[in-house]
2 protein chains.
Amino acid sequence: MALKIRKNLSPAPPNECPLSKCMEVLRGAWTPNIIWNLSGGPRRFSELRVDIPKVSAKVLTTRLRDLEAKGVVLREVKPTSPPSVEYSLTDLGQQLIPAIDAIAAVGHKLKERAAAQECTKGRGRRVAAE
Amino acid sequence: MALKIRKNLSPAPPNECPLSKCMEVLRGAWTPNIIWNLSGGPRRFSELRVDIPKVSAKVLTTRLRDLEAKGVVLREVKPTSPPSVEYSLTDLGQQLIPAIDAIAAVGHKLKERAAAQECTKGRGRRVAAE
DNA sequence: TTATGTGGTATCCGATCAGTAACTAACAGT
DNA sequence: ACTGTTAGTTACTGATCGGATACCACATAA
(Lines give C-alpha, C1' and ligand atoms only; values in the text may rest on other atoms or scores of the structure.)
Protein backbone atom coordinates (compact mmCIF):
# COMPACT_ATOMS: atom_id res chain seq x y z
CA MET A 1 0.00 0.00 0.00
CA ALA A 2 1.67 3.12 -1.19
CA LEU A 3 1.61 6.44 0.52
CA LYS A 4 -0.72 9.06 -0.85
CA ILE A 5 -0.06 12.70 -0.41
CA ARG A 6 -2.94 14.66 1.00
CA LYS A 7 -3.51 17.89 -0.81
CA ASN A 8 -6.07 19.48 1.46
CA LEU A 9 -4.52 22.29 3.39
CA SER A 10 -4.81 22.66 7.10
CA PRO A 11 -7.09 25.45 8.29
CA ALA A 12 -4.10 27.52 9.34
CA PRO A 13 -4.16 31.03 7.93
CA PRO A 14 -1.47 31.83 5.40
CA ASN A 15 0.13 34.81 7.04
CA GLU A 16 0.97 35.12 10.68
CA CYS A 17 -1.60 33.24 12.62
CA PRO A 18 -3.65 34.96 15.31
CA LEU A 19 -3.09 31.99 17.55
CA SER A 20 0.54 32.84 18.13
CA LYS A 21 -0.35 36.49 18.47
CA CYS A 22 -2.63 35.75 21.35
CA MET A 23 -0.34 33.21 22.94
CA GLU A 24 2.26 35.92 23.03
CA VAL A 25 -0.01 37.77 25.39
CA LEU A 26 -0.82 34.69 27.43
CA ARG A 27 2.77 33.63 27.66
CA GLY A 28 4.28 33.48 31.10
CA ALA A 29 3.54 31.13 33.89
CA TRP A 30 0.98 33.19 35.77
CA THR A 31 -0.46 35.40 33.07
CA PRO A 32 -3.81 33.65 32.65
CA ASN A 33 -4.25 33.54 36.39
CA ILE A 34 -3.59 37.23 36.72
CA ILE A 35 -6.11 38.11 34.04
CA TRP A 36 -8.60 35.80 35.65
CA ASN A 37 -8.21 37.49 38.99
CA LEU A 38 -8.52 40.88 37.38
CA SER A 39 -11.71 39.85 35.62
CA GLY A 40 -13.68 40.34 38.82
CA GLY A 41 -12.76 44.00 38.99
CA PRO A 42 -9.70 46.09 39.75
CA ARG A 43 -7.23 44.78 42.26
CA ARG A 44 -4.18 46.12 44.01
CA PHE A 45 -0.75 44.66 43.82
CA SER A 46 -0.83 43.17 47.29
CA GLU A 47 -4.31 41.80 46.72
CA LEU A 48 -3.06 39.92 43.73
CA ARG A 49 -0.25 38.56 45.83
CA VAL A 50 -2.83 37.15 48.20
CA ASP A 51 -4.96 35.87 45.33
CA ILE A 52 -2.07 33.99 43.83
CA PRO A 53 0.15 33.19 46.79
CA LYS A 54 2.63 31.19 44.81
CA VAL A 55 3.65 34.02 42.57
CA SER A 56 6.64 36.03 43.71
CA ALA A 57 6.71 39.80 43.72
CA LYS A 58 9.25 39.82 40.98
CA VAL A 59 7.26 37.68 38.61
CA LEU A 60 4.03 39.46 39.39
CA THR A 61 5.63 42.78 38.61
CA THR A 62 7.11 41.44 35.39
CA ARG A 63 3.83 39.99 34.24
CA LEU A 64 1.86 43.11 35.06
CA ARG A 65 4.35 45.31 33.26
CA ASP A 66 4.20 43.04 30.25
CA LEU A 67 0.44 43.09 30.20
CA GLU A 68 0.43 46.83 30.62
CA ALA A 69 2.81 47.22 27.70
CA LYS A 70 0.55 45.03 25.60
CA GLY A 71 -2.47 47.14 26.46
CA VAL A 72 -4.23 44.43 28.37
CA VAL A 73 -4.16 45.89 31.86
CA LEU A 74 -4.29 49.43 33.14
CA ARG A 75 -2.08 50.56 36.01
CA GLU A 76 -3.29 53.42 38.17
CA VAL A 77 -1.55 54.86 41.19
CA LYS A 78 -4.08 55.93 43.77
CA PRO A 79 -3.26 58.88 46.05
CA THR A 80 -3.81 56.92 49.23
CA SER A 81 -1.65 57.41 52.19
CA PRO A 82 0.66 54.57 51.46
CA PRO A 83 0.28 55.05 47.73
CA SER A 84 -1.46 52.04 46.31
CA VAL A 85 -1.58 50.80 42.78
CA GLU A 86 -4.66 49.46 41.16
CA TYR A 87 -4.62 47.15 38.19
CA SER A 88 -7.62 46.60 35.97
CA LEU A 89 -8.38 45.10 32.60
CA THR A 90 -8.65 47.38 29.62
CA ASP A 91 -11.35 46.73 27.06
CA LEU A 92 -8.81 44.70 25.18
CA GLY A 93 -8.16 42.73 28.32
CA GLN A 94 -11.88 42.18 28.76
CA GLN A 95 -11.94 40.50 25.39
CA LEU A 96 -9.53 37.89 26.67
CA ILE A 97 -12.02 36.71 29.25
CA PRO A 98 -14.05 34.45 26.95
CA ALA A 99 -10.84 32.75 25.88
CA ILE A 100 -9.77 32.32 29.46
CA ASP A 101 -13.19 30.98 30.34
CA ALA A 102 -12.96 28.47 27.52
CA ILE A 103 -9.56 27.40 28.76
CA ALA A 104 -10.84 27.08 32.29
CA ALA A 105 -13.76 25.00 31.07
CA VAL A 106 -11.41 22.55 29.43
CA GLY A 107 -9.31 22.54 32.56
CA HIS A 108 -12.39 21.53 34.48
CA LYS A 109 -12.94 18.59 32.18
CA LEU A 110 -9.30 17.65 32.53
CA LYS A 111 -9.71 17.59 36.28
CA GLU A 112 -12.74 15.35 36.02
CA ARG A 113 -10.84 13.06 33.72
CA ALA A 114 -7.87 12.94 36.04
CA ALA A 115 -10.13 12.19 38.99
CA ALA A 116 -11.83 9.41 37.08
CA GLN A 117 -8.48 7.91 36.23
CA GLU A 118 -7.12 8.25 39.72
CA CYS A 119 -9.68 5.99 41.32
CA THR A 120 -9.30 2.99 39.09
CA LYS A 121 -11.41 0.98 41.46
CA GLY A 122 -14.61 2.18 39.86
CA ARG A 123 -16.72 -0.45 38.35
CA GLY A 124 -17.56 0.85 34.93
CA ARG A 125 -14.89 1.98 32.56
CA ARG A 126 -11.74 0.83 34.22
CA VAL A 127 -8.78 2.33 32.45
CA ALA A 128 -6.42 -0.48 31.74
CA ALA A 129 -2.94 -0.15 33.12
CA GLU A 130 -0.50 0.20 30.31
CA MET B 1 -7.15 58.99 52.84
CA ALA B 2 -6.40 55.70 54.44
CA LEU B 3 -6.20 52.40 52.66
CA LYS B 4 -9.18 50.11 52.87
CA ILE B 5 -8.85 46.43 52.51
CA ARG B 6 -11.17 44.86 50.03
CA LYS B 7 -12.83 41.76 51.33
CA ASN B 8 -14.41 40.44 48.18
CA LEU B 9 -12.58 37.46 46.97
CA SER B 10 -11.39 37.03 43.47
CA PRO B 11 -13.30 34.47 41.38
CA ALA B 12 -10.42 32.05 41.58
CA PRO B 13 -11.42 28.60 42.78
CA PRO B 14 -10.05 27.53 46.15
CA ASN B 15 -8.25 24.36 45.19
CA GLU B 16 -6.12 23.92 42.17
CA CYS B 17 -7.52 26.06 39.45
CA PRO B 18 -8.56 24.54 36.13
CA LEU B 19 -6.80 27.35 34.36
CA SER B 20 -3.36 26.06 35.24
CA LYS B 21 -4.52 22.53 34.49
CA CYS B 22 -5.41 23.48 30.96
CA MET B 23 -2.39 25.69 30.46
CA GLU B 24 -0.30 22.68 31.33
CA VAL B 25 -1.68 21.08 28.20
CA LEU B 26 -1.30 24.19 26.12
CA ARG B 27 2.21 24.84 27.33
CA GLY B 28 4.93 24.76 24.76
CA ALA B 29 5.61 27.10 21.94
CA TRP B 30 3.77 25.33 19.17
CA THR B 31 1.16 23.34 21.03
CA PRO B 32 -1.87 25.44 20.13
CA ASN B 33 -0.78 25.50 16.52
CA ILE B 34 -0.47 21.76 16.41
CA ILE B 35 -3.91 21.23 17.85
CA TRP B 36 -5.29 23.76 15.43
CA ASN B 37 -3.79 21.94 12.49
CA LEU B 38 -5.10 18.66 13.78
CA SER B 39 -8.59 20.08 14.16
CA GLY B 40 -9.17 19.74 10.43
CA GLY B 41 -8.68 16.00 10.56
CA PRO B 42 -5.81 13.55 11.04
CA ARG B 43 -2.43 14.52 9.75
CA ARG B 44 0.89 12.83 9.29
CA PHE B 45 4.14 13.91 10.83
CA SER B 46 5.57 15.33 7.66
CA GLU B 47 2.34 17.08 6.84
CA LEU B 48 2.51 18.87 10.13
CA ARG B 49 6.05 19.86 9.33
CA VAL B 50 4.79 21.51 6.18
CA ASP B 51 1.86 23.07 7.99
CA ILE B 52 4.11 24.65 10.55
CA PRO B 53 7.40 25.11 8.76
CA LYS B 54 9.10 26.92 11.59
CA VAL B 55 8.84 24.07 14.01
CA SER B 56 11.78 21.70 14.12
CA ALA B 57 11.42 17.95 14.06
CA LYS B 58 12.64 17.73 17.61
CA VAL B 59 10.12 20.14 19.00
CA LEU B 60 7.30 18.68 16.95
CA THR B 61 8.09 15.21 18.23
CA THR B 62 8.31 16.46 21.77
CA ARG B 63 5.00 18.28 21.56
CA LEU B 64 3.22 15.36 19.94
CA ARG B 65 4.53 12.95 22.54
CA ASP B 66 3.46 15.29 25.30
CA LEU B 67 0.01 15.65 23.86
CA GLU B 68 -0.24 11.92 23.38
CA ALA B 69 0.71 11.33 27.00
CA LYS B 70 -1.93 13.78 28.08
CA GLY B 71 -4.57 12.03 26.04
CA VAL B 72 -5.12 14.89 23.66
CA VAL B 73 -3.87 13.33 20.47
CA LEU B 74 -3.85 9.80 19.17
CA ARG B 75 -0.84 8.37 17.38
CA GLU B 76 -1.41 5.61 14.86
CA VAL B 77 1.18 3.89 12.75
CA LYS B 78 -0.22 3.04 9.35
CA PRO B 79 1.08 -0.07 7.54
CA THR B 80 1.98 1.83 4.41
CA SER B 81 5.04 1.04 2.48
CA PRO B 82 7.18 3.64 4.08
CA PRO B 83 5.38 3.31 7.39
CA SER B 84 3.59 6.54 8.09
CA VAL B 85 2.25 7.89 11.33
CA GLU B 86 -1.05 9.61 11.65
CA TYR B 87 -1.92 11.97 14.44
CA SER B 88 -5.45 12.91 15.30
CA LEU B 89 -7.33 14.57 18.13
CA THR B 90 -9.00 12.41 20.72
CA ASP B 91 -12.39 13.43 22.03
CA LEU B 92 -10.56 15.21 24.80
CA GLY B 93 -8.53 17.02 22.20
CA GLN B 94 -11.69 18.00 20.37
CA GLN B 95 -12.86 19.76 23.49
CA LEU B 96 -9.86 22.02 23.30
CA ILE B 97 -10.98 23.44 19.98
CA PRO B 98 -13.44 25.99 21.34
CA ALA B 99 -10.74 27.32 23.63
CA ILE B 100 -8.31 27.54 20.76
CA ASP B 101 -10.94 29.27 18.67
CA ALA B 102 -11.50 31.79 21.40
CA ILE B 103 -7.78 32.41 21.62
CA ALA B 104 -7.56 32.81 17.87
CA ALA B 105 -10.45 35.26 17.92
CA VAL B 106 -8.62 37.43 20.42
CA GLY B 107 -5.49 37.12 18.35
CA HIS B 108 -7.43 38.44 15.42
CA LYS B 109 -8.48 41.49 17.40
CA LEU B 110 -4.91 41.97 18.51
CA LYS B 111 -3.80 42.02 14.92
CA GLU B 112 -6.41 44.60 14.03
CA ARG B 113 -5.34 46.69 16.98
CA ALA B 114 -1.70 46.42 16.05
CA ALA B 115 -2.50 47.41 12.48
CA ALA B 116 -4.57 50.34 13.66
CA GLN B 117 -1.76 51.52 15.88
CA GLU B 118 0.81 51.10 13.19
CA CYS B 119 -0.80 53.61 10.87
CA THR B 120 -1.62 56.35 13.31
CA LYS B 121 -3.33 58.35 10.64
CA GLY B 122 -6.56 56.87 11.76
CA ARG B 123 -9.71 57.15 9.84
CA GLY B 124 -9.59 54.74 6.93
CA ARG B 125 -8.25 51.76 8.83
CA ARG B 126 -5.97 50.76 6.03
CA VAL B 127 -4.17 47.55 6.80
CA ALA B 128 -0.56 48.33 6.29
CA ALA B 129 1.50 45.95 4.25
CA GLU B 130 3.77 43.97 6.53
C1' DT C 1 24.46 1.99 -6.02
C1' DT C 2 22.71 6.18 -4.91
C1' DA C 3 19.02 9.31 -3.97
C1' DT C 4 14.78 10.34 -1.83
C1' DG C 5 11.14 10.13 1.60
C1' DT C 6 9.38 8.65 6.08
C1' DG C 7 9.57 9.37 11.15
C1' DG C 8 12.02 10.15 14.06
C1' DT C 9 16.75 10.50 18.00
C1' DA C 10 20.96 12.46 20.04
C1' DT C 11 23.53 16.32 21.36
C1' DC C 12 24.87 20.79 22.14
C1' DC C 13 23.99 25.54 22.95
C1' DG C 14 21.96 29.85 24.06
C1' DA C 15 17.92 32.37 25.60
C1' DT C 16 14.41 32.94 28.59
C1' DC C 17 11.96 31.94 32.69
C1' DA C 18 10.85 31.74 37.33
C1' DG C 19 12.19 31.28 42.31
C1' DT C 20 14.78 33.21 46.40
C1' DA C 21 16.52 36.55 49.19
C1' DA C 22 17.75 41.01 50.35
C1' DC C 23 16.93 45.76 50.00
C1' DT C 24 14.52 50.40 49.23
C1' DA C 25 11.45 54.85 50.23
C1' DA C 26 7.64 57.12 52.05
C1' DC C 27 4.20 57.22 55.29
C1' DA C 28 0.99 55.67 59.39
C1' DG C 29 0.50 54.05 63.81
C1' DT C 30 2.35 53.20 68.50
C1' DA D 1 12.40 55.96 67.43
C1' DC D 2 10.60 51.68 65.88
C1' DT D 3 7.65 48.77 63.20
C1' DG D 4 4.52 47.59 59.51
C1' DT D 5 2.52 48.35 54.96
C1' DT D 6 2.74 49.39 50.08
C1' DA D 7 4.88 48.50 45.79
C1' DG D 8 8.24 47.37 44.03
C1' DT D 9 13.82 46.55 42.51
C1' DT D 10 18.17 44.10 42.22
C1' DA D 11 21.22 40.25 42.02
C1' DC D 12 22.01 35.45 41.91
C1' DT D 13 20.66 30.78 40.45
C1' DG D 14 18.77 26.77 38.52
C1' DA D 15 15.42 24.83 35.31
C1' DT D 16 13.47 24.46 31.03
C1' DC D 17 12.60 25.57 26.43
C1' DG D 18 13.48 25.75 21.79
C1' DG D 19 16.77 26.05 17.66
C1' DA D 20 20.37 23.91 14.88
C1' DT D 21 22.75 20.14 13.34
C1' DA D 22 23.85 15.57 12.58
C1' DC D 23 22.48 11.06 12.40
C1' DC D 24 19.57 6.58 12.12
C1' DA D 25 16.70 2.44 9.97
C1' DC D 26 13.89 1.20 6.46
C1' DA D 27 11.75 1.22 1.85
C1' DT D 28 11.12 2.49 -2.87
C1' DA D 29 12.73 4.38 -7.38
C1' DA D 30 16.15 5.37 -10.91
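Proteins get letters first, then strands, A, B, ... in listed order; numbering begins at 1 in each.
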Can you sort out the partners of B:A57 under side chain to side chain contact (heavy atoms under 4.5 Å, CB included), two or more places apart, ordered by chain and number? B:F45, B:R49

Tell me, please, which residues at least two apart from B:A105 pass side chain to side chain contact (heavy atoms under 4.5 Å, CB included). none

Measuring only between side-chain heavy atoms, which start at C-beta, is B:P83 closer than 4.5 Å to B:K78? no

Here the distance between atom P of D:dT6 and atom CZ of A:R43, to the nearest Å, is 13 Å

Is there side-chain contact between B:L48 and B:V55, with heavy atoms separated by less than 4.5 Å? no

Find the bend of the helix from C:dT1-D:dA30 to C:dT30-D:dA1 as the angle between its two terminal axes (five pairs each), to the nearest 10°. 0°

Just the rounded figure in Å: distance from P of C:dA18 to CG of A:L64. 13 Å

Let me know the distance between CZ of A:R49 and P of D:dT6, rounded to the nearest Å. 11 Å

Taking CD from B:E47 and C1' from C:dG8, how many angstroms apart are they, rounded to a whole number? 16 Å

Does A:Y87 put a side-chain nitrogen or oxygen below 4.0 Å from OP1 or OP2 of D:dG8? yes

Closest heavy-atom pair, B:S39 versus B:L89, reported as atoms and distance to 0.1 Å, is CA-CD1, 3.8 Å

For atom CD of B:E86 and atom C1' of C:dT6, their distance in whole Å: 14 Å

For the student: nearest non-hydrogen atoms of B:P18 and A:A104, plus distance: CB-O, 3.3 Å

Which of residues 65-78 of chain B sit near DNA chain C, with a heavy atom under 4.0 Å from it? B:R65, B:R75

Which heavy atom of A:L96 sits nearest to which heavy atom of A:C22, and what is that distance? CD2-SG, 4.0 Å

Applying side-chain contact (heavy atoms from CB on, under 4.5 Å) to A:V59 and A:W30, what does each step give before you reach the verdict? CA-CA 8 Å; A:V59 173; A:W30 300 104; 3.6 Å; yes

Minimal heavy-atom distance between B:A99 and A:V106, with the atoms involved, is CB-CG2, 4.2 Å

Heteroatom pairs (N/O) under 3.5 angstrom, protein to nucleotides 22-30 of chain D:
| unit_1 | atom_1 | unit_2 | atom_2 | d |
| --- | --- | --- | --- | --- |
| D:dA27 | O3' | B:S81 | OG | 3.3 |

Contacts satisfying side-chain hydrogen bond (donor to acceptor under 3.5 Å, both in side chains) that involve residues 89-106 of chain B (not counting sequence neighbours) are none

With A:S20, which residues qualify under side chain to side chain donor-acceptor pair (under 3.5 Å), at least two apart? B:N33

Give me the distances for all protein-to-nucleotides 13-18 of chain D N/O pairs that come in under 3.5 Å?
| unit_1 | atom_1 | unit_2 | atom_2 | d |
| --- | --- | --- | --- | --- |
| D:dG18 | OP1 | B:A29 | N | 2.1 |
| D:dG18 | OP2 | B:R63 | NH2 | 2.5 |
| D:dG18 | N7 | B:K58 | NZ | 3.3 |

So, the side chain of A:S84 versus the backbone of A:T80: is there a donor-acceptor pair under 3.5 Å, distance only? no

Distance-only donor-acceptor hits, side chain of residues 64-75 of chain A, under 3.5 Å, sequence neighbours excluded:
| unit_1 | atom_1 | unit_2 | atom_2 | d |
| --- | --- | --- | --- | --- |
| A:D66 | OD2 | A:R63 | NH1 | 2.7 |
| A:K70 | NZ | A:E24 | O | 3.2 |
| A:R75 | NE | A:Y87 | OH | 3.3 |

Ranking D:dG8, C:dT6, D:dT6 by distance to the side chain of A:T61, first place goes to D:dG8

